[in-house]
Amino acid sequence: MFTIEHDFDATVITLVDEGGDLPLLEDVIIAAFEDCVTIDQVDPRTDQIVRITLSLAQVRDLGAALNLPEGSYRIDRDPA
């Protein structure tokens with residue numbers, strides 16, 4: 001299950017683990033800002049939020065990587 005919310009400065013997607021495998025993991029919160037994307041999840045061992053921040057270029061590379069076979073790649077971006 002997931003939710004989508006449009007805040008003033010970001011689009012926020014929350015992924016809720018409803019899988020049949022136990023134990024279930026904490027919710028993942030993805031916030032897309034103008035210049036970056038953050039991914040937050042609570043670490044149940046420390047009860048602290050762990051945050052990963054991706055640049056927009058990293059997000060584009062991640063999207064491309066999901067559809068490519070194993071290997072090393074560099075995506076040339078047209079500056080225009």
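Numbers for residues simply follow the sequence, beginning at 1. In this text the structure is predicted, and so the values were computed from the model without any measurement.
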(request) Specify the closest pair of heavy atoms between L56 and F33, including all atoms of both residues, with the distance to one decimal. (result)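 Heavy atoms of L56 and F33 come nearest at CD2-O, 4.4 Å.
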
Kindly list each side-chain donor-acceptor pair under 3.5 angstrom involving residues 65-72, sequence neighbours excluded, with atom names and distances?
none

(request) State, with a plain yes or no, whether a side-chain heavy atom of D17 is found less than 4.5 Å away from one of L15. (result)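 Sidechains of L15 and D17: no contact.
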
(request) List, by chain and then residue number, the residues other than V42 in its hydrophobic cluster (Ile/Leu/Val/Met/Phe/Trp/Tyr, side-chain heavy atoms under 4.5 Å); write none if there are no others. (result)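 Besides V42, the hydrophobic cluster comprises I49, listed by chain and residue number.
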
(message) Which residues end up grouped with V12 if you chain together Ile, Leu, Val, Met, Phe, Trp and Tyr wherever their side-chain heavy atoms are less than 4.5 Å apart?
(response)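 For the cluster that includes V12, the remaining residues are I29.
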
Do you reckon [X] sits in the same ILVMFWY cluster as [Y], going by side-chain contacts under 4.5 Å, direct or chained?
{"X": "V37", "Y": "V50", "result": "no"}
{"X": "V59", "Y": "V28", "result": "yes"}
{"X": "I30", "Y": "I52", "result": "yes"}

Identify all side-chain donor-acceptor contacts of residues 1-8 below 3.5 Å with residues at least two apart in sequence or on another chain.
from: H6; atom 1: ND1; to: T11; atom 2: OG1; distance (Å): 3.2

(message) Can you pull out every salt bridge (charged side-chain N to carboxylate O under 4.0 Å, His left out) where at least one residue sits in residues 38-50? Sequence neighbours excluded, please.
(response)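 Residue pairs passing salt bridge (charged side-chain N to carboxylate O under 4.0 Å, His left out), neighbours aside: D40-R51, D43-R45.
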
(request) To the nearest 0.5 angstrom, please state how far the SG atom of C36 sits from the CG atom of L54. (result)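 If I round to the nearest 0.5 Å, the distance is 8.5 Å.
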
(request) Using salt bridge (Lys or Arg N to Asp or Glu O under 4.0 Å) as the criterion, list what pairs up with R60, not counting sequence neighbours. (result)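 So R60 forms no salt bridge (Lys or Arg N to Asp or Glu O under 4.0 Å) with any residue.
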
